[in-house]
Amino acid sequence: MNTNSETKNEVSAVQETKAFLLISALAIPLLTVLGIAGYGFVVWMMQLLMGPPGHF
Amino acid sequence: MSINRRNFLKGILASSAASMVGPSLLVRSAQAAQNDPGIWRITGSHWGAFRARVYGGKVVEVKPFEMDSHPTDMLNGIEGIIYSPSRVRYPMVRYDWYKNRHNSDTSQRGDNRFIRVTWDEALDLFHEELERIQTQYGPWALHAGQTGWRQTGQLHSCGNHMQRAVAMHGNFIKKVGDYSTGAGQTILPYVLGSTEVYAQGTSWPLILENSKLIVLWANDPVKNLQVGWACETHESYRYLDQLKQKVADGEIRVVSIDPVRSKTQKFLGCEQQYINPQTDVAMMLAIAHTLYTEKLHDQKFLDTYCLGFERFVPYLLGESEDKVEKTPEWAAEICGVEAEVIRELARAMAADRTQLLFGWCIQRQQHGEQPYWMGAVLAAMLGQIGQPGGGVSYAHHYSSIGVPSSGASGPGAFPRNPDQGQKPIHDNDDFNGYSKTIPVARWVDAILEPGKKIDYNGGKVTLPNLKMMVISGCNPWHHHQDRNRMKQAFRNLETVVTIDFNWTASCRFSDIVLPACTQFERNDIDQYGSYSTRGILAMQRLVDPLFQSRTDFHIFTDLCRRFGKHKEYSRGKGEMEWLRELYEGCRDANKGKFAMPEFAQFWDEGYVDFGAGKPWTRHAAFRDDPELKALGTPSGFIEIFSRKIDRYGYDNCKGHPMWFEKSERSHGGPGSDRFPLWLQSCHPDQRLHSQMCESEAYRSTYSVRGREPIYLSPEDARRRGIRDGDLVRVYNDRGQLLAGARVTDDFATGVVRIHEGAWYGPMDESIGALDTYGDPNTVTQDLGASKLSQATSANTCLVEIEKYVGEVPPVTAFGGPVEVR
Amino acid sequence: MSIPSMWKIIRSPSTHLSLGVLTLGGFMAGVVFWGAFNTGLEATNTEEFCISCHEMEANVYQELQETVHWSNNSGVRATCPDCHVPHNWTDKIARKMQASKEVFGKLFGTIDTREKFLDKRLELAQHEWQRFSANKSLECRNCHDYNSMNFDNMSEKAQVQMRRAAERDQSCLDCHKGIAHELPDMLEGVSEAFAQLEQSAAVSGFDTGKTYYSIRQLPIYEDPQLAVEAGQLNAATPVKVLEIDGDSLKVELSGWRRTKGFGRVINEDFGFNISSGHLSKAAAQNDQLVSGFERKEDDMTGLEWERINAVVWMRAGSLAESTEMIWDYAKETYQSSCSVCHTQPDENHFDANTWPGMFNGMLSFVNLDGDSQAVILKYLQKHSSDFSDDKH
């Protein structure tokens, strides 16, 4: 019998909450921003090659 | 330097920002003597820019603008224009026309009986007539194209207002050319590649420095430079002063070739060379003959810069055309000048730098193109065209030409044409086979002989069937010839509308007369210095419009209201907004070159000075590089022989200058047996054409027995028993007039003069009635100068004079209409 | 907690946190994030932000305040982002990335002095002009719409131009360059009115074999480096592009010249004094540049003329595809400048060779710059009686 309530395959509520907060408040926002930035960058590069947007 | 940019929609911003009205532009008076009550204002006129003191709502004193170094005596007549008994006070309609409209008894025109109407009624009638003419006839029946000297001021330039408004209603007949230089401006483009007569000329300083001989050929600058197209400051006179000194010192020889001892000749103290009237071309041909036979001409110049000399020489030598050699002996007979004198003059011209200066009177005669053409040929033979102080000028007597231009831009004007995209109410552009544009001096021919085809400048003109005329900014019953013929013609017109501020003879012969105000009763802007563009002048309103007179702007806005176009006509802007805009436009054009203050500051200070310009030589660029700076002639060179004119096949204007006998000529010429005296009707000494004749007090300084003076020689006076101050009747087959005799030995036997612009005041409306005041155009002939220019031939006129005995009729030229109630 | 264990937690299904908590929490986090993101993004889209850089505040911001987009009678104001930040989201994001260039510029002071700014003004302006040109002035259309325009309220002149623009759904900036900031000084020495004409009519791309028209008087050269002067092209002269070499064009000028003299003046056609341009003495006599063909005598003067072709180089600019806008400008200027004292003569009142004489005589009365004079004279000649069937 282990004195540690967490085994290798067991996750505590605290850990999960931390992880949840980490993802939702930090990681995903950061990744989203990077993603949007990357998207913007790619579009910008395409505009340099193909000229300013004129598809209207 | 970046451009502060406005797009061309700037009108939106300008009109929203420029809503300033009068009160904020109250003028701070330029404080003169504190003793004199009233306020001082600044304004200008054709006679000069000046300051005026206004007290009790009236102009009480006029003094020259300080930039005017040689103000004219005529400033004394300004008040008399404003307060003339001839002021058009109310809208007036000719009595019979009021009753019967276009079916009126037109033989009554000239009886001067009018009925007063309200402005609304007058404008309604005006509009209705325009409507009727456009619908019943067409654009070919309406002549609204006549122009004249109007008053100074770019905003209220009245002809612009009238033509813009009428053009917004319908199309009309226009004119080409003018009475001032009709023949000259038509021939000179063929010869020298430019109209020349309205172009800046070689600067006076260069003439004074370089010329050794100046020939004033039929030219009286001291008389004519008193008036100018813009607000004059008479800068030419300081140079004439210098010239006078040089003549006295023997540095420059000046010869005035003139039948009359002119004002200029007397002022300069120079030589006068008498010549029989209308024979100038013969004398010039003889000079050319001398130059050629004595090998004094510049062959190299002729080869390099001219075309056709070799086709002209045979004429000179008597080998072509009339087969008469143009020797000085031949000319002496015609001109009344000794052959040896002609030779001597030719040699003097060729000996050193010679400046030829022609006046305009010489081309206001039959074959008026010839003296100018021949003058250019002489100058070409002398080979000095394009050199400072050499060559030929046709305009040094006009509006400060010869004073170097500052290079600044002057203000624009109220637009004459409707705005882009505007279509007239009656868009009919079908002139029914008639010409849309006629030579200016042939309008009476049109009324009398509609449909007649005449030659004009290489083409044909079909004279239109005129039914209505609108007259503004000019006085056809002054500038046109043969009054009795005009009376006959006017019986064929259905409606005549005149807009003027004083009751001229044109008003007298109209059906509807609208009272405009003088330039002194409105705010305006103009440049001063005329051709020197020395500065911009604020023309501040002196007094309010007298009686019921209005600005032309107001009149025509209201006319346009009647067909719903008043907003488009005025662009929705008032007087001060327009002024501001014209000023700002001028300021923009001068940006970077001449600094101009804000409008409010300009208006308050009264003027902006641009300083003096740099001396310049006419035709120098052409002389320097005839290829790149070619003249505007067909070949680019000076055309002594013009193939183009030759091909027209005219009998009175051929491929090169020629001597043509006149239809009437004194001193042994045709008609001189019946009427021996040549009547010269040159520009007046104390008026601007007919403007200022109505200034009573001023007129009395020169009138004789209340009439226009006629100048004649002691010999002619003696033969007819006439003494100085007598009343005389001047007559020929065309008409008769009364004038006051001025006997003076400035005039040779056979030469008489009445200044044009004397107001026509016939005893009654009948054809042949005696003119009571002395209008020379009562007796002149209405004949086109030639098929080329169809210009006025006023100075081809012979008369006889007799002492007038019998009941003396009163002068009827002034005082307005006889009001019928 | 270590990263591997963190990762394991993230990978596995939730043990303790309910579905509701996760979804709601994630949703709220997303909302908060998106709000914060956009707030942050929009903060960079405010006038305040833009002018926080001195370069902007001291230069273009000052200029804006003199214009109708700052203050007007309806009180509607446009600020920096309204025009300069694309409203379309994708393009906006792209522009934000592009703004890294501006950050770079700020850090390294590329336009931190007035002089540096003025030097770069043209380049910066051209970026914006290209952007507006490509999307037909889309940013303008956030407020302005042709369908909402009341043309009747406009001045006559404006109505003509605006209706035409509306028909073609034209890009606003084609004509309205300089509406919010001062124009770059690319047309030195050219009058403002002419500058407008140039902006509206000049094309930026050329095709070989096509004919273009000079908008004003332009220098021509013997070489593609544009170093050796060969003369000058007159306004409204047709030239055919033979070759394009970077910023230079090799063009062919056809015409006739008089054989008397050096043969420098090239006229449009035989016997017509309608100037196409002139050559330098050297160029005019150079067989490599000028080829001569048949010769004829002009009956009107007795002088001999020769047909020629000149091949020269010029800068690739100030050329229009047609004479339409040039003649519009000329006609309007003629009508207003030449009707001050009298009604201007109809264009077809004189023939082409008479116009120079009449025109020269009247120049004292008008304030026209050299280019305007050249273009108006040519307009008159090309619409003179020689080219018009209209009865007069």
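By convention in this document, chain letters (A, B, ...) are assigned in the order of the sequence lines, proteins followed by strands, and residues within each chain are numbered from 1.
When each of T15(C), V21(C), I10(C) is checked for heavy-atom pairs under 4.5 Å with chain A, T15(C) comes out on top.
Only the side chain of W89(C) comes within less than 4.5 Å of a heavy atom of chain A; its backbone N, CA, C and O stay farther away. Proximity to chain C (any heavy atom under 4.5 Å) is restricted, for I23(A), to the side chain, taken from C-beta onward. Heavy atoms closer than 4.5 Å to chain C are found nowhere in L48(A), neither backbone nor side chain. Only the side chain of S100(C) has a heavy atom closer than 4.5 Å to any heavy atom of chain A.
Remark: side-chain polar atoms of K136(C) are not paired, donor with acceptor, to backbone N or O of C172(C) under 3.5 angstrom. A donor-acceptor pair under 3.5 Å links the side-chain atoms of N59(C) to the main chain of E55(C), judged by distance alone. Between the D245(C) side chain and the S248(C) main chain, no donor and acceptor come within less than 3.5 Å of each other.
Ion pair E102(C)/R95(C) flagged as a salt bridge, since at least one NZ, NE, NH1 or NH2 atom sits closer than 4.0 Å to an Asp/Glu carboxylate oxygen.
Remark: I244(C) CD1 to D207(C) CG distance equals 6.5 Å, nearest 0.5 Å.
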